[in-house]
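Below: the structure, in structure tokens.
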Amino acid sequence: MDPLNPFAEKVLDLVERIPPGKVMAYGDIAEYLGEGGPRQVGKVMSTWGGGVPWWRVVHADGSGAAPDHLRECLAHWREEDTPLRGERVDMRLARWDGRPAEHERSSADFQ
DNA sequence: ATAATGACGTCGG
DNA sequence: TCCGACGCCATTA
């Protein structure tokens with residue numbers, strides 16, 4: 001098992017902070033951290049993702065991480081009321097920018 | 001040093 | 001919407 005590196009810790013810490021009902025794409029995480037890339041994030045998740053809410057990390061198109069765990073993803077998403085569109089997450093609504101939930105913006109901040 | 005690979009992403013057809 | 005080709009970046013063969 002590869003030893004944790006600073007990058008991996010940041011990724012895992014961030015994933016743990018993703019609020020229920022929200023998700024982040026691999027690329028979003030890399031961009032948020034300002035280092036590495038989607039594939040690097042994927043490497044981290046495949047190695048140590050078991051200890052964090054991995055189902056909140058999805059592909060940019062909203063599809064789940066692993067096809068064989070699709071049932072598992074769906075179950076978690078439904079449980080957390082994650083906006084879904086068929087078998088994928090509705091990124092337009094579920095994407096988390098990294099900002100704390102705070103109070104919802106009253107007026108439509110959606111661009 | 002070169003090529004293949006992977007829990008990815010974007011673009012075109 | 002689905003799929004293949006490419007691009008990307010670190011790791012491994």
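Keep in mind that this is a model prediction, so the values were computed, not measured. So you know, we letter chains A, B, ... as the sequences are listed, proteins then strands, and number each from 1.
- Note: CG (A/D61) to P (B/dA7) measures 16 Å, nearest angstrom.
- Shortest non-hydrogen contact noted between A/P83 and A/G21 is CD-O, 3.5 Å.
- Using cut-offs of 30° and 60° on the angle between ring planes, the pair A/W55 and A/H76 is parallel.
- Atom CZ of A/R95 is separated from atom C1' of B/dC8 by 13 Å (rounded to the nearest Å).
- Distance CG (A/L12) to P (B/dA7): 16 Å, rounded to an integer number of Å.
- The separation between A/M91 atom CE and B/dG9 atom C1' is 12 Å, rounded to whole Å.
- In this structure, the separation between CZ on A/R88 and OG1 on A/T82 is 15.5 Å, given to the nearest 0.5 Å.
- Looking at heavy-atom distances under 4.0 Å, A/G37 makes no contact with the nucleic acid at all.
- Distance from the side chain of A/P38 is smallest for B/dG9 among the nucleotides B/dG6, B/dG9, B/dA7.
- Taking atom CG on A/N5 and atom C1' on C/dA10, their separation rounds to 11 Å, with Å as the unit.
- Looking at heavy-atom distances under 4.0 Å, A/A60 makes contact with sugar-phosphate atoms alone, never a base.
- The distance from atom NZ of A/K43 to atom P of B/dG6 is 12 Å, rounded to the nearest whole Å.
- When heavy atoms are screened at a 4.0 angstrom cut-off, A/A25 is found touching the sugar-phosphate backbone but no base atom.
- Regarding A/D2, its CG atom lies at a distance of 13 Å from the C1' atom of B/dG6, rounded to whole Å.
- Counting to the nearest Å, the P atom of B/dG9 and the CG atom of A/D28 are 8 Å from each other.
- Here the CZ-OH distance, from A/R99 to A/Y32, works out to 10.0 Å after rounding to the nearest 0.5 Å.
- Within the 4.0 Å cut-off from OP1 or OP2 of B/dA4, not a single side-chain nitrogen or oxygen of A/R39 is found.
- The side chain of A/H59 contributes an N or O atom lying less than 4.0 Å from OP1 or OP2 of B/dG9.
- Partners of A/L33 by side-chain contact (heavy atoms from CB on, under 4.5 Å), not counting sequence neighbours, listed by chain and number: A/F7, A/K10, A/V11, A/L14, A/I29, A/E35.
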